[in-house]
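Both backbone and side-chain heavy atoms feed into the values below; hydrogens, waters and symmetry mates do not. Convention: sequence-line order gives letters A, B, ...; per-chain numbering from 1.
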2 protein chains.
Amino acid sequence: MKKKLLISDIAKQLNVSITTVSFILNGKAKEKRISDDLTERVQKLVEEVGYRPNQLAQSLRTGKTRTIGLMVEDISNPFFANIARLIEERAYQEGYKIVYCSTEDDSDRTKELISMFRDMHVDGYIITPPQGVEEDVEKLIKDGFPVVLVDRQVAGIHTHCVIVDNLSGAYNATAHLMEQGYQNIAFVTTDSRQSQMLQRLEGYRKALAEKQLEPAVLEVPYRYDAKQMLRKIVSFFEETESIDAVLFATNYMAVRGLEAISQFNPQGLPANLGVASYDDHDVFKLLKPTITAVAQPTEAIANHVINLMLHLLNPKNKTSEADTIVLPTQLIIRNSTPRKEVVA
Amino acid sequence: MKKKLLISDIAKQLNVSITTVSFILNGKAKEKRISDDLTERVQKLVEEVGYRPNQLAQSLRTGKTRTIGLMVEDISNPFFANIARLIEERAYQEGYKIVYCSTEDDSDRTKELISMFRDMHVDGYIITPPQGVEEDVEKLIKDGFPVVLVDRQVAGIHTHCVIVDNLSGAYNATAHLMEQGYQNIAFVTTDSRQSQMLQRLEGYRKALAEKQLEPAVLEVPYRYDAKQMLRKIVSFFEETESIDAVLFATNYMAVRGLEAISQFNPQGLPANLGVASYDDHDVFKLLKPTITAVAQPTEAIANHVINLMLHLLNPKNKTSEADTIVLPTQLIIRNSTPRKEVVA
DNA sequence: TTGAAAGCGCTAACAA
DNA sequence: TTGTTAGCGCTTTCAA
């Protein structure tokens with residue numbers, strides 16, 4: 001095992017003090033008026049022998065780890081996976097590491113993760129907060145840590161936040177269905193009280209209300225697994241036969257829902273049933289028919305989040321006001337919402 | 001900002017020395033014959049005031065971070081995402097943290113990541129190695145770090161390894177296609193020379209050879225993006241019209257391939273074309289028809305990997321021989337490989 | 001312009 | 001059975 005090089009080794013070899021080497025390594029050569037000649041010699045040697053400072057010691061001393069904690073609801077969900085990857089990429093370029101975790105929207109788990117991140121001394125927190133962690137997050141903020149919320153807001157947490165215009169997104173999708181001639185539009189969502197879910201529901205209701213149509217909402221319990229969810233959706237469709245279109249509140253519900261629908265119609269989607277999903281999914285354009293969806297701007301979300309975080313992490317920047325960034329969605333019209341043939 | 005508690009605060013409050021507290025906290029109370037009474041009082045106070053040792057200081061002192069570095073080819077691929085999640089879960093239970101990264105199968109990037117992990121002082125490495133990092137990985141091993149390879153082997157790296165029986169998997173899928181009456185079976189793979197890919201190719205060839213059938217292999221360059229891949233696959237199908245079945249070497253190639261096929265047949269899969277994929281995918285059972293696939297035992301892979309790693313991490317265990325664990329795959333027969341109607 | 005030395009918070013060898 | 005103390009490797013104040 002090659003012995004790890006120390007800063008003292010570098011200093012010794014060049015017959016200078018540790019301090020000098022440290023200053024040079026930390027870009028303070030100019031500031032400390034260290035001769036260009038010496039600066040260069042130090043840098044050259046460091047390069048040559050491949051010296052790398054011990055980050056643990058650095059962090060212990062400075063209190064900074066150049067690490068950002070990223071907690072999303074479920075890293076295996078393509079929406080979050082994409083955002084995470086984009087954030088990681090940028091963070092990495094800026095010399096930050098990302099550690100991520102899935103909250104599974106469980107408040108206890110989230111609290112534990114926050115506490116784990118604190119123990120790891122991450123410099124900042126990016127969180128999709130579940131309900132019930134208000135206090136813990138507020139504490140982080142009070143303790144001076146940069147915190148950026150993503151995807152949803154939680155009443156009682158006052159900090160920077162990047163979300164999507166869920167209401168308009170759901171409104172537009174519903175309006176589109178109505179324009180295509182559908183009259184009995186169901187909304188399949190979860191029973192979670194997350195802000196983004198409530199806003200989608202509201203968008204749906206608002207669109208219907210404008211045309212005096214009746215809402216038909218199915219709330220599938222959040223904890224249901226795939227099979228239970230499937231069953232629930234199936235029985236919903238059985239009970240409410242008049243439905244001629246359905247808007248799913250998330251992409252994974254849409255996937256389950258499509259499975260459910262195909263139980264009734266092994267031939268594929270019935271021609272007279274309109275289907276749309278909030279949140280796009282890679283496979284929607286593979287299915288027959290391709291599925292109309294409300295796409296969320298993952299790239300823009302990731303960019304705003306990481307920019308905000310980097311800004312907050314920079315000690316030069318005064319602590320700014322907690323601002324909420326709301327990004328627009330895009331309705332991608334595919335083949336699952338054709339014009340409905342009206343029988344006179 | 002609440003002042004962070006130190007071990008000295010605990011010691012002071014109880015009028016004992018720091019050492020005593022440290023011993024108790026590290027489970028050495030018995031060993032050091034510290035009175036049960038004192039032990040209890042210390043634990044109680046620690047609990048009450050919520051004291052948590054500074055991990056940075058601990059790590060600096062002990063040289064251990066209780067962190068495992070996990071590098072997979074692409075964390076947004078469901079196969080790796082699943083393995084990662086399972087590994088993380090177990091690691092977490094055992095008091096280890098996981099930091100993950102995607103290599104994108106790029107050797108330079110992987111080298112950088114390895115070096116980043118070294119800087120972070122991770123205790124062990126779990127890697128899906130790209131070609132060209134043999135030296136760097138060997139160096140890790142020589143330096144005494146536990147290294148477990150997953151999904152593929154690389155000649156020149158001698159360490160523990162968990163892989164899947166790729167050859168049999170591809171062989172079985174191909175054999176199944178032949179049994180169903182297909183005669184001109186294409187194999188769509190990448191040009192990557194990764195061991196698992198070569199083994200799949202070999203399994204395919206072996207099955208064909210036994211029936212004296214001719215192979216028809218398309219190698220799509222690994223660096224191609226989705227669009228380029230699509231185009232390549234499309235032109236392959238155009239050039240080789242006699243093909244009556246195709247086995248895709250990975251799930252993402254299958255997804256692209258299915259898109260390609262649907263360009264010819266907007267109605268869906270042609271009834272006379274058999275399709276199977278190595279590596280299962282959530283959506284395969286959603287598509288019409290559902291897609292036959294070779295499922296890899298993600299759970300078993302994850303379990304073996306983490307068990308191996310935890311074993312290696314335990315200083316009590318003597319360094320054992322580098323063993324390779326080969327796990328079986330499972331052929332899931334769905335509707336995309338129906339018995340071929342032979343026209344006499 | 002450079003160096004000596006005091007910690008950051010903890011572990012553990014050694015002493016008592 | 002418990003306490004004293006020397007580091008782990010680095011940054012940075014203060015002194016020269």
- prompt: Can you give one letter per nucleotide of nucleotides 8-16 of chain C, 5' to 3': B if a protein heavy atom sits under 4.0 Å from the base, S if only from the sugar-phosphate, - if neither?
  reply: BBBBBB---
- prompt: Is the NZ or CZ atom of K32(B) positioned over F23(B)'s six-membered ring, under 6.0 angstrom from the centre and within 45° of the axis?
  reply: yes
- request: Could you tell me whether the side chain of V21(A) reaches within less than 4.5 Å of the side chain of V16(A), counting heavy atoms only?
  value: yes
Separation of L6(A) CG from Y51(A) OH (nearest 0.5 Å): 7.0 Å
message: Between L149(A) and H160(A), is there a side-chain heavy-atom distance shorter than 4.5 Å?
response: no
task: Check step by step if side chain to side chain donor-acceptor pair (under 3.5 Å) holds for Y100(A) and E88(A).
output: CA-CA 9 Å; Y100(A) 28 69; E88(A) 182 177 9; 2.8 Å; yes
E73(B) and R152(B) ion-paired at < 4.0 Å: yes
task: Could you tell me whether S59(B) contacts a base, only the sugar-phosphate backbone, or nothing, with contacts defined as non-hydrogen atoms closer than 4.0 Å?
output: nothing
message: I'd like to know if E48(B) and K44(B) make a salt bridge, using a cut-off of under 4.0 Å between side-chain N and carboxylate O.
response: yes
- request: Determine, for D36(B) against R41(B), whether the closest basic-nitrogen to carboxylate-oxygen distance falls under 4.0 angstrom.
  value: no
task: Go through DNA chain D in 5' to 3' direction and return only the first and the last nucleotide with some atom under 4.0 Å of chain A's heavy atoms.
output: dG9(D) to dT13(D)
